2 protein chains.
Amino acid sequence: MPPRFQKPFNSPACPVEAALGLIGGKWKGIVLYHLLGGTLRFNVIRRYIPGVTQRMLTAQLRELEADGLIVRVVFAEVPPRVEYSLSAKGRTLEPLIMALRAWGEEHVMPSSDAEVAA
Amino acid sequence: MPPRFQKPFNSPACPVEAALGLIGGKWKGIVLYHLLGGTLRFNVIRRYIPGVTQRMLTAQLRELEADGLIVRVVFAEVPPRVEYSLSAKGRTLEPLIMALRAWGEEHVMPSSDAEVAA
DNA sequence: GCCTATAGTATCGAAAAGGATACTGTGATG
DNA sequence: CATCACAGTATCCTTTTCGATACTATAGGC
């Protein structure tokens, strides 16, 4: 059935956009995806994502934290250690991220060998 | 048009970002969502989304079309009529969009709780 | 004494995104 | 005749995003 909604939405009203607003940042998808595997340190994430700059990664992590999706724990050590992990809310994203990944593999990856093996 | 894969990205190639790249545009989520309900004309979509400009809507629709998610049919009439609908590939997004919507409703919407800044 | 690693900031500037406005052509309406 | 609606373009300009680079502090290694 046609899920048609028409509300004034200049304010907070479209849940699809709202969700996309939280996970749609340039690097958020991959960051979240990697964190699905467990706690990671800053530079580990960075090495997982060649191409992201320190500045960008910091910005994305801070946004994810501000949105309550990840947790940032700072250890008062030298050299500094900061660990990132998904919050409870962040973990609720798991099926979504996995669905995104499955869809991407099947419908966008150019290499056409989309093995949807979990 | 942003280059989707400017580099040999990270090792698993990141299908999550690939998917997000297609549906993560500023208005694509809502456009897709409305099209889930069936074929729509340009101005109908526009009226469903107050806040989008003609220029932006055109751009988003063209990108969706270029990515093969929607189909654009022009009728040689006066006044002009152009109809947009989901392609077969676009329809495969339905569960994803619905999941996005459900997650957004549950985890980000103000949902009866305005929470005005203190 | 210098280099490395850590997890960032600060600053600059290029590039892209996005908004506002004006314009197109034609048939029907007033 | 003037105006409206349609589905856009074209142009200009502001805002935001993003990358590159340089810098911080401190401990340990060489």
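Here the structure is a predicted model, which means the values were calculated and not measured. Every chain is numbered from 1 and lettered A, B, ... according to where its sequence line falls, protein lines coming before strand lines.
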Pairwise side-chain contact, B:Val16 with A:Met98, heavy-atom cut-off 4.5 Å (strictly under): no

Reckon B:Arg47 has a side-chain N or O less than 4.0 Å from the OP1 or OP2 of D:dA7? no

Of the listed C:dT6, C:dG19, D:dT9, the closest approach to the B:Thr53 side chain comes from C:dG19

Spacing of B:Leu57 atom CG relative to C:dA17 atom C1', expressed in whole Å: 16 Å

note: A:Asn43, atom CG; C:dA5, atom C1'; distance rounded to Å ~ 8 Å

How long is the line joining CG of A:Leu61 and P of D:dC18, in whole Å? 14 Å

Quick one: is A:Arg62 getting a side-chain N or O under 4.0 Å of the C:dT9 phosphate, OP1 or OP2? yes

To the nearest angstrom, how far is A:Gln54 atom CD from D:dT17 atom P? 20 Å

Please answer: with hydrophobic residues joined when any side-chain heavy atoms are less than 4.5 Å apart, are A:Val73 and A:Leu86 in the same cluster? no

Quick one: does any side-chain atom of A:Thr39 pair with a main-chain N or O of A:Ser85 as donor and acceptor, under 3.5 Å? no

Side chain of B:Met56 - closest among C:dG18, D:dA5, C:dA7: C:dG18

Do any side-chain nitrogens or oxygens of B:Lys26 fall under 4.0 Å of OP1 or OP2 in D:dT17? no

Over how many whole Å does the gap from A:Phe75 atom CZ to D:dA27 atom P extend? 19 Å

Listed nucleotide nearest any side-chain atom of B:Pro79, set C:dA7, D:dA5, D:dG8: D:dA5

By the 4.0 Å heavy-atom rule, please label B:Arg55 as base, sugar-phosphate, or nothing. base

In whole angstrom, what separates A:Glu83's CD from C:dT6's P? 13 Å

For B:Arg46 and D:dT9, what is the distance between atoms CZ and P respectively, to the nearest whole Å? 13 Å

What is the distance, to the nearest angstrom, from the CD1 atom on B:Ile49 to the C1' atom on C:dG19? 16 Å

Given C:dA20, D:dA7, C:dA7, the nucleotide with the shortest approach to the side chain of A:Arg72: C:dA7

Are the side chain of A:Lys89 and the backbone N or O of A:Asp67 linked by a donor-acceptor pair below 3.5 Å? yes

5'-most contact on DNA chain D: B:Pro80 or A:Pro80, nearest heavy atom basis? B:Pro80

Just call it for A:Arg81: base, sugar-phosphate, or nothing, with non-hydrogen atoms closer than 4.0 Å on any strand. sugar-phosphate

For B:Tyr84, report the nucleic acid contact type (base, sugar-phosphate, nothing); a contact means any heavy atom under 4.0 Å. sugar-phosphate

Classify the ring geometry of B:Phe42 against B:Tyr84: parallel below 30°, tilted from 30° to 60°, perpendicular beyond 60°. tilted

Minimum-distance nucleotide to A:Phe42 side chain [options: D:dG8, C:dG8, C:dG19]: C:dG8

